[in-house]
Trainee: 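Dropping a structure here in structure tokens format, bear with me for questions.
Note that the structure is predicted; figures quoted are calculated from it, not measured. We use all heavy atoms of the structure for the numbers below, so side chains are in, but hydrogens, waters and symmetry mates are not. Labels below follow one simple rule: chain letters A, B, ... track the order of the sequence lines, proteins then strands, and each chain is numbered from 1.
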Number of protein chains: 2
Amino acid sequence: MSEVSQGGRQPTIREVAAHAGVSPMTVSRTLAGGVNVRPDVQQRVLAAVRELGYHRNENARSLRPGQASGLIGVAITNLGNPYYGNFALGVEEVAAEYGRRIVLGNTGEDPARERQLIADFIGRQVEGLVLVPSGGASDHLQPERLGDIPIVLASRRVYGLDVDAVLLDDVGGAYRGTRALLDAGHTRIGFLGNVRSVFTGQRRYEGFARALAERGIEPDPDLVQREQQDVESARDAMRRLLDLDDAPTAVFSSNNRNTVGALKEIGRRLKAGADVSELPAIVSFDNFELAELMPVPVAVIDHDARQLGREAARLLLSRLGGVDRRGPARLVEMPVTLAPSSTD
Amino acid sequence: MSEVSQGGRQPTIREVAAHAGVSPMTVSRTLAGGVNVRPDVQQRVLAAVRELGYHRNENARSLRPGQASGLIGVAITNLGNPYYGNFALGVEEVAAEYGRRIVLGNTGEDPARERQLIADFIGRQVEGLVLVPSGGASDHLQPERLGDIPIVLASRRVYGLDVDAVLLDDVGGAYRGTRALLDAGHTRIGFLGNVRSVFTGQRRYEGFARALAERGIEPDPDLVQREQQDVESARDAMRRLLDLDDAPTAVFSSNNRNTVGALKEIGRRLKAGADVSELPAIVSFDNFELAELMPVPVAVIDHDARQLGREAARLLLSRLGGVDRRGPARLVEMPVTLAPSSTD
DNA sequence: CTGTTAGCGCATTCAA
DNA sequence: TTGAATGCGCTAACAG
């Protein structure tokens, strides 16, 4: 009968050593790959490990100089958003490929929470950080304040912070999406977006406005709704747009949450008897499942959140190799694709 | 000028102590709440902490007997699925409320990966585990093998493993969903589900079959498709169902992925000119965004993944209090609601 | 090839 | 109220 973990406490390297009749160092060496340990001794050690259910204490291990913790801190604004779920998945995958684990925190767009999380991550000796910044001040993110732990920003950048970042081609995507609407003959185009302080919101508005400007159209303030963070408020904003005397014939939605809110409002109106022809066409920055089944045409500015996560993790891990640990900040801008609603 | 982290290394308690002109113990006491430290000394210490950018090393701290790591290990089958993203969010929220952080791993339904992840989590001295089990053998999950670290299973149970679990009312939900189809006059009802080894797949099929049996209907093997794990294969399965000479007039889909796949196939047929009246009604176990906008009626067996996560975390944390650390296994079954497609 | 010594950062215990 | 000694689990450096 094996005698796993009698006391509820984890067995230590010393207990394994005693069990195998060797010194702790021999156990350590065996677990580190077995260099300079006789094969038969290794077998004895490994048998003892199995019998006792021993797991090397990574925390104690990382205490030694030169031993990294194997942890990556990941702080995300909203895990409940499928977009960020996929992003986290991408980070996790690449981290796992490199033997790292992720410690995950949700900031909920709250800068104070972000600050706490990062402080905690540092205390846990993470090797690096991946952050979707929630906006606001950047002082706690300066490299010195992080003890020179590498950080990669994702989706958004922070003004005045010169670190690696992975962004989308927000401006270009929004520009092309808006152009598509203009080319289809729309001139009154609504805009649904984030609060101004959100980096992507700003950039996507920029692409939107640029496309209009090229056609000599000044954005109508009534048609620009920029304060929505969730589906409910997005729906309200869409309602306001559609209730205008001179309602837009098309709407540019600058993210997932706004698109879903807008479509919910459209669904309500259809059920209330509205005719599809009265309802606006939509271009959505961010894809979503089943977009092709929507009752109004929804073109999608698509991109792969998981790839974004993978790229962020790759940037970060490249800083851990030691070579370019302190190289100049790199900016990766991932392409987006504009797909009409009919494709799948 | 403050002199944060000169060498790229994190400052230690000793450096803070030297900076403040006290002993390391005084720093430790101050950070632990400040009992038996003179207020003015505390101020000096805290000033030194700020100036040096000191973060207590949680790994070293947890090395001391009686000090927990503050980590919860969470292993999920697929973070990319919005359902599990929300689940993870729920776990994270409650963990954070109790000062815990989560270490997250994605198993991808791979038992080997699950085993590695859990071994790693134990090595990181997690205080507890939350697991969406990927099926298969359960030996590595037995309490002794986990060194008596509390574990909570979510969504699925593992045969032969008597530990805390949070489940949905799979059987009841599937039963009621199927009943609703029967009451609407359907007698040929298709079933889209998971591979047999998945716990929820089994349970949901059970509810489905029970409802049919009550009406004296034997499930037609042609109508039962149970091998789909992703959207693509679900779509193929739906295609097979609809291509039958005697195609079903309604389909029960036992999860999110299957529902999306089924709807994609429906979308394809609509675009190819099919008439809505020829297409089956759908009941979906698992809600999804914009279900109310689908071209065919989709009733939804809904539940809150985030709540499921919160409940799992609560169960786990109650085991960490020390009181009922070793009480009998508890089973929480969360209710589900059946909502017709017309509601929002 | 194997073992001994020492110390990583911290907090408990004991002494002052 | 403060500090010194000690050891948590592990492994680099050295000795054998």
Side-chain angles (χ1 to χ4, degrees), chain A residues 5 7-45 48-49 52-71 120 122-127 147, chain B residues 5 7-45 48-49 52-71 120 122-127 147:
Chain A
S5 124
R9 223 186 65 274
Q10 299 296 325
T12 76
I13 199 172
R14 294 237 285 267
E15 296 169 53
V16 175
H19 202 82
V22 296
S23 79
M25 258 326 288
T26 297
V27 177
S28 177
R29 282 197 264 260
T30 301
L31 265 31
V35 285
N36 285 344
V37 183
R38 265 183 14 231
D40 58 312
V41 176
Q42 291 192 43
Q43 292 314 313
R44 280 220 312 285
V45 169
V49 165
L52 297 177
Y54 169 76
H55 297 269
R56 185 166 59 183
N57 184 329
E58 295 297 329
N59 292 348
R61 182 174 148 83
S62 76
L63 209 54
R64 302 301 317 282
Q67 304 282 357
S69 68
L71 289 178
D120 182 279
I122 295 174
R124 294 187 186 284
Q125 313 303 113
V126 296
E127 295 182 58
Chain B
S5 119
R9 224 187 64 275
Q10 300 297 324
T12 76
I13 198 172
R14 293 235 285 267
E15 297 168 51
V16 175
H19 203 81
V22 296
S23 79
M25 262 323 292
T26 298
V27 177
S28 177
R29 286 195 184 98
T30 301
L31 265 32
V35 285
N36 284 345
V37 183
R38 269 187 4 235
D40 58 313
V41 177
Q42 290 192 43
Q43 291 315 312
R44 279 220 313 285
V45 169
V49 164
L52 297 178
Y54 169 77
H55 297 269
R56 185 165 60 183
N57 184 329
E58 295 297 329
N59 292 349
R61 182 176 149 84
S62 77
L63 209 56
R64 303 300 318 282
Q67 305 283 356
S69 68
L71 289 177
D120 182 279
I122 296 174
R124 295 188 185 282
Q125 314 303 113
V126 296
E127 295 182 59

Trainee: Hey, is the side chain of A:Thr26 poking within less than 4.0 Å of OP1 or OP2 on C:dG3, counting only N and O atoms?
Mentor: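 So the side chain of A:Thr26 is within the cut-off, an N or O lying under 4.0 Å from OP1 or OP2 of C:dG3.
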Trainee: Measure from CZ on B:Arg124 to C1' on D:dG9 and round the result to the nearest Å.
Mentor: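 Those two atoms, CZ and C1', are 15 Å apart.
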Trainee: Between the main-chain N or O of B:Glu58 and the side-chain N or O of A:Arg124, is there a donor-acceptor pair closer than 3.5 Å?
Mentor: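 No, A:Arg124 side chain to B:Glu58 backbone: no donor-acceptor pair under 3.5 Å.
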Trainee: Return the nearest nucleotide to the side chain of B:Ser23; candidates are D:dC10, C:dC10, D:dA4.
Mentor: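 The answer is D:dA4.
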Trainee: Which heavy atom in A:Val37 sits nearest to a heavy atom in A:Gln42, and how many Å separate them?
Mentor: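 What the structure gives for the nearest pair is O-NE2, 3.0 Å.
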Trainee: Tell me which of A:Pro39 and A:Leu63 sits closer to the 5' end of DNA chain C, going by the nucleotide each one is nearest to.
Mentor: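 Its nearest nucleotide lies further toward 5', so the answer is A:Pro39.
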Trainee: Closer than 3.5 angstrom, by distance alone: can the side chain of B:Ser69 be matched with the main-chain N or O of B:Gln125 as a donor-acceptor pair?
Mentor: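 Yes; at least one donor-acceptor contact below 3.5 Å.
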Trainee: Within this structure, what is the CD-to-C1' distance between B:Glu58 and C:dA11, rounded to whole angstrom?
Mentor: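 Going from B:Glu58 (CD) to C:dA11 (C1'), I get 12 Å.
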Trainee: CG of A:Asn57 versus C1' of C:dC8: gap in Å, rounded?
Mentor: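 In whole Å, C:dC8 C1' and A:Asn57 CG are 13 Å from each other.
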Trainee: Do the non-hydrogen side-chain atoms of B:Leu63 and B:Asn59 ever get within less than 4.5 Å of each other?
Mentor: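 No - every pair of side-chain heavy atoms lies 4.5 Å or more apart.
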Trainee: Would you kindly give the CG-to-P distance between B:Asn59 and D:dC8, to the nearest whole Å?
Mentor: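 The answer, rounded to whole Å, is 18 Å.
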Trainee: Could you work out which one of C:dT2, C:dG3, C:dC10 sits closest to the side chain of A:Val37?
Mentor: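 Selected nucleotide: C:dT2.
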Trainee: Quick check: do A:Asn57 and A:Thr12 have side-chain heavy atoms less than 4.5 Å from each other?
Mentor: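 Heavy-atom side-chain distance check fails, nothing below 4.5 Å.
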Trainee: Could you check whether any side-chain heavy atom of A:Leu31 comes within less than 4.5 Å of a side-chain heavy atom of A:Val49, counting everything from C-beta outward?
Mentor: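 When only atoms from C-beta onward are counted, A:Val49 and A:Leu31 do touch, with a gap below 4.5 Å.
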Trainee: Scan B:Asn36 against the nucleic acid and name what it touches under 4.0 Å (heavy atoms): base, sugar-phosphate only, or nothing.
Mentor: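 Base contact.
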Trainee: Which parts of nucleotides 11-16 of chain D does protein reach within less than 4.0 Å, heavy atoms only, written one letter per nucleotide 5' to 3' as B for base, S for sugar-phosphate only and - for none?
Mentor: BB----
Trainee: For the pair made of CZ in B:Arg38 and C1' in D:dG3, what is the distance, rounded to whole Å?
Mentor: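 Roughly 14 Å, once rounded to whole Å.
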